[in-house]
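Values below: every heavy atom of this structure, side chains too, minus hydrogens, waters and symmetry copies.
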2 protein chains.
Amino acid sequence: MSGANLKKVGLKVTLPRLKILEILERAGDDHHLTAEDVYKLLLEQDEEVGLATVYRVLTQFEQAGIVRRLNFENNISNFELDTGDNHDHLVCLKTSKVKEFVDPVIEERIQEIAKENGYDLSGHSLVIYGTLTNEA
Amino acid sequence: MSGANLKKVGLKVTLPRLKILEILERAGDDHHLTAEDVYKLLLEQDEEVGLATVYRVLTQFEQAGIVRRLNFENNISNFELDTGDNHDHLVCLKTSKVKEFVDPVIEERIQEIAKENGYDLSGHSLVIYGTLTNEA
DNA sequence: TTTTGTGCAAAGAGTTTGCAACTAG
DNA sequence: CTAGTTGCAAACTCTTTGCACAAAA
């Protein structure tokens, strides 16, 4: 993911956008960042980017399919790079650590359930909540 | 559900609480009301209840296990009577109509996934989004 | 009467927007 | 040059809180 990709979706290649992309990449799998998180990380590396810009950029990325917006229980948005695999999430209620998983069985049932009920499926959101017991 | 049940969970039987309970009951399966919805319904039947009270009461009901709080995509809370069956939701993106379902296969997979990943399962949230095609 | 609940207005959190200054193409 | 982008402050939406008054037990 880089400048070329930004251009491809019709977004000018600017410093804030590149930096935010970089932060999302660096965050990896079990960090699903809030806008605030991204903003703070930018400050830590002495980038002068406003919080409003972070929101705008994340929203644009979402619309461009670069980023997924996740809504966990707290009514606050978390963002992750959209890797294309349509994974779901396991959230630890103690540590807030997030793990990703894909389950073909569930995936299939979801499609069937949508069909059975006369819905034209467009997506789903599955979050499993629990507490991590013995850390691997 | 009535005054007796309120008392059982340690809540005084008051008019706002009874009226809100009544509204939730009347709403039925495919109406998952926001606090605002409940508030407006109260006004429509000429009940003088403040929005803050609606929020307070719904939160108390949630803690008492009378009500479930649902968070769909929009980061706004919807409330429904907690019937005990742990159902999930199908949401129509056009009409916002909500349908409930229970799927044993998915239920089982969720338990397995939690275990496989070393999580002590405490709950989950599954929402399927789609558009209702030919209304039944 | 004592405890608990209520209404109102104000505060709070997260997010969005208007606008003048700036910058990539 | 000029259309798109940014930072800031102000606005907005949903939700919670402080407090004086009111109602339940």
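- In this structure, B:Leu18 atom CG and D:dA23 atom P are separated by 15 Å, rounded to whole Å.
- One atom, CG of B:Leu70, and another, P of D:dT15, lie 12 Å apart when rounded to the nearest Å.
- Between A:Arg26 and A:Glu22 there is a salt bridge, since at least one side-chain N of the basic residue sits less than 4.0 Å from a carboxylate O of the acidic one.
- Of the listed nucleotides (C:dT6, C:dT15, D:dG7), C:dT6 has the atom at the smallest distance from the side chain of B:Pro16.
- If you measure from atom CD of A:Glu48 to atom C1' of D:dT6, you get 12 Å, rounded to the nearest angstrom.
- When the options A:Asp82, A:Ile66, A:Leu81 are evaluated for a side-chain contact (heavy atoms from CB on, under 4.5 Å) with A:Phe61, the one that passes is A:Ile66.
- In this entry the distance linking CD1 of A:Ile76 with C1' of D:dT15 reads 14 Å, nearest Å.
- Per the geometry, CG belonging to B:Asn75 stands 13 Å off P belonging to D:dT16, to the nearest Å.
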Which parts of nucleotides 19-25 of chain C does protein reach within less than 4.0 Å, heavy atoms only, written one letter per nucleotide 5' to 3' as B for base, S for sugar-phosphate only and - for none? -----BS
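- Of the N and O atoms on the side chains of B:Asp37 and B:His32, not one donor lies less than 3.5 Å from an acceptor on the other residue.
- With respect to the salt-bridge test (charged N to carboxylate O, under 4.0 angstrom), the residues B:Glu112 and B:Lys115 do not qualify.
- Comparing atom distances between the B:Val49 side chain and each of C:dG7, C:dT17, D:dT16 picks out C:dG7 as nearest.
- Remark: P of D:dG4 and CG of A:Leu6 are 16 Å apart, rounded to the nearest angstrom.
- Of the candidates D:dG7, D:dT16, D:dT6, D:dT16 carries the atom nearest the B:Tyr55 side chain, counting heavy atoms from C-beta on.
- Residue A:Tyr119 comes nearest to B:Gly130 through the heavy atom pair CD2-C, 3.9 Å, listed as atom of the first residue, atom of the second, then distance.
- A donor-acceptor contact under 3.5 angstrom links the side chains of B:His87 and B:Arg68, judged on distance only.
- Nearest heavy atom pair, residue A:Thr53 against residue A:Pro16, reads CG2-CB, 4.1 Å.
- Not one side-chain nitrogen or oxygen of B:Arg17 sits closer than 4.0 Å to the OP1 or OP2 atom of C:dT4.
- Here C:dC8 presents its P atom at 11 Å from CG of B:Leu51, a figure rounded to the nearest Å.
- As judged by a 4.0 angstrom heavy-atom cut-off over every strand, A:Glu36 is placed among residues making no nucleic acid contact.
- In this structure, A:Ser77 reaches the sugar-phosphate backbone alone: every heavy-atom distance under 4.0 Å involves primed, P, OP1 or OP2 atoms, never a base.
- Separating the CD atom of A:Gln63 from the P atom of D:dT5 is a distance of 12 Å, rounded to the nearest angstrom.
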